[in-house]
Amino acid sequence: MTPVRVLAVASEVYPIVKTGGLADVAGALPLALKAHGVEMRTLMPGYPDVMRRLAGADEIRRWPDYFGGPGRLLAGSHDGLDLFVLDVPHLYARPGNPYVTAEGVDWPDNGLRFAALSRIAADIGHGLVPAFVPDVVHAHDWQAGLAPAYLHYDGRPRPGTVMTIHNMAYQGKFASELIGSIGLPWSSLDVHGLEYFGGISFLKAGLQFADRITTVSPTYAREIQSDEGGMGFGGLLRERAGVLSGILNGIDTEVWNPKTDPHIAYRFGAQDLTFRAANKAVLQQQFNLDSSDEAPLLGVISRLSWQKGLDLLLETIPTILEQGMQLALLGSGDRDLQDRYQAAARANPGRIGVVIGYDEILAHLIQAGSDALIVPSRFEPCGLTQLCALRYAAVPIVSRVGGLEDTIIDIGEADASDRDATGFKFAPVTADALSGALRKANTAFHNKGIWRRLQLGGLATDVSWRNRAGDYAALYRDLISRRG
Ligand code: ADP
Ligand code: GLC
């Protein structure tokens, strides 16, 4: 196996900085790739949390003026991850969420902040760090989308490029004037370049210029080639269909392991699923729910955004109550949804429990203690919480979209294909269809044999990165061999 060197570029990396699944992927994939002969280093911005954790990193380069202020490139490692860190205090030394101010609005200079990241990625691609000259530059989401564009417009021999779409809804759109300050030629302001409805889009740059495009599930790879799923890029993706593929995400099965999880009340495996009841009791306590083993407990761990369809779940509360179910929701995001969920909890004490916020430890307890995990997304590139649910024997109830379609086997499908069922899928993505799935799940829950089979089907599902990392390794090798 020829060793391959890949520079990954990501704006968040678990366990250092995380707002969603992108961080999980960027944090887990490099570790899984080692077994496939891929040496991956990840470039990320030097936010305060990064600088704290990489206090001993080596300075590789220093510039008096990098995009308007002093900057440095550092190399270091953290938790098994080899990292390059772009330390540019005037762009990244800001507390809190990496993309938005404390008031929740995008930083006005996000274009500059992430152009700077991509510029250095391209330079590393050209050999800036002799000890690590990558064969491939792998850009994740719009924040890294300019990397393939810089490499293209630099017009020099360059490594292969891969652009991975984690979410079509975030497109990195900016005013076209930005071109003048990020070192790209004005000729890039073209419909075959970065131009997008009169402005520019960093995501488009990546989609246009990367040698390969991937997204995080085969179904999402198909959906984004439609006008609706493509969210403006359907046409471009249809044109580039020959280089577009879907590779499912995995999860880190060490971090998510119910047999060793330090964050749950009682550890368990397939042999001792009954211990889940003890986790359920603790979860009910933490969410102020009535203590009852008989009431099916539905869990949700999610960003609260339109994508996730949680407004539809609110509409099904009458069904949840009438079916004798309980709901424990952990999430944060849209103010309106936060308020509505908190009001629902106040109106239904003991039955609906809501925690607004971001809490890794509580997320583990929800996976371990809820009977079913609900993911009613309008679109879902892959989704990770349903994979964690499979591993923790919480039965997923999901909409039939994107990666949810690809990772969950509905009871009906299992009958037809002889595969083990792992959950419930509903379509269309409406409150009515979700209510129907909740009723079906409730009936199944009260038949202990059926429910146990669903749980065991989940536990037997491979949700690790092992094979999926192999798909990325094969993609890199194929790309390198075709470029010669
Ligand atoms: P997305 O990236 O669209 O938010 P994913 O399902 O791919 O969706 O990944 C979400 C990740 O973030 C999962 O690891 C999930 O456990 C975690 N997560 C989401 N919301 C919360 C929260 N409020 N508290 C803790 N973890 C959360
Ligand atoms: C995005 C998607 C989610 C996916 C994650 C990691 O945030 O919304 O579906 O699992 O990226 O790829």
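In listed order, ligands and their atoms are each counted from 1. All values derive from a computational prediction rather than experimental measurement.
For R378, the side chain to side chain donor-acceptor pair (under 3.5 Å) test picks out D311, with sequence neighbours left out.
A salt bridge links E413 to R400: one of the charged nitrogens lies within less than 4.0 Å of a carboxylate oxygen. Using a 4.0 Å cut-off between charged side-chain N and carboxylate O, D227 and R238 make a salt bridge.
Between atom 14 (O) of ligand 1 and the options V355, V216, N249, D24, the minimum heavy-atom separation is to D24.
Protein heavy atom at the shortest distance from atom 20 (N) of ligand 1 is S302 C, 3.5 Å. Of all protein heavy atoms, the one closest to atom 15 (C) of ligand 1 is T385 CG2, 3.6 Å. Among all protein heavy atoms, the one lying closest to atom 27 (C) of ligand 1 is Y358 CE1, 3.3 Å. Taking atom 2 (O) of ligand 1 as the reference point, the nearest protein heavy-atom neighbour is G21 N, 2.6 Å. For atom 5 (P) of ligand 1, the closest heavy atom belonging to the protein is L384 N, 3.6 Å. Closest to atom 4 (O) of ligand 1 among all protein heavy atoms lies R303 NE, 2.7 Å.
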Donor-acceptor contacts under 3.5 Å from residues 337-348 side chains, at least two apart:
unit_1: Q338; atom_1: OE1; unit_2: G333; atom_2: N; d: 2.9
unit_1: Y341; atom_1: OH; unit_2: L310; atom_2: O; d: 2.7
unit_1: N348; atom_1: ND2; unit_2: A344; atom_2: O; d: 2.9

Table please: side-chain donor-acceptor pairs of residues 228-237 below 3.5 Å, with sequence neighbours left out.
none

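Aromatic pair W142/Y99: centroids not less than 6.0 angstrom apart. In this structure, the ring of F202 has its center no less than 6.0 angstrom from the ring center of F114. Taking the six-membered ring for Trp, Y472 and H36 have ring centres at least 6.0 Å apart.
Residue G357 has at least one N or O atom closer than 3.5 Å to an N or O atom of ligand 1. Remark: ligand 1 and D359 share an N or O pair separated by less than 3.5 Å (distance only, no angle test).
Heavy atoms of K308 approach ligand 1 to within less than 4.0 angstrom. Using a 4.0 Å cutoff on heavy atoms, C382 does not count as a contact of ligand 1. Heavy atoms of K18 approach ligand 1 to within less than 4.0 angstrom.
Closer than 4.0 angstrom to ligand 2 by heavy atom are G21, L22, V25, H166, N167, V216, N249, R303, Q307, E380, P381, C382, G383, L384, sorted by chain and number.
For the residue pair D261 / H364, a side-chain donor-acceptor distance below 3.5 Å is found, with atom types taken as modelled. Judged purely by distance below 3.5 Å, without hydrogens or angles, the side chains of T219 and D406 pair a donor atom with an acceptor atom.
Judged by distance alone, the side chain of D82 and the main-chain N or O of R41 form no donor-acceptor pair under 3.5 Å.
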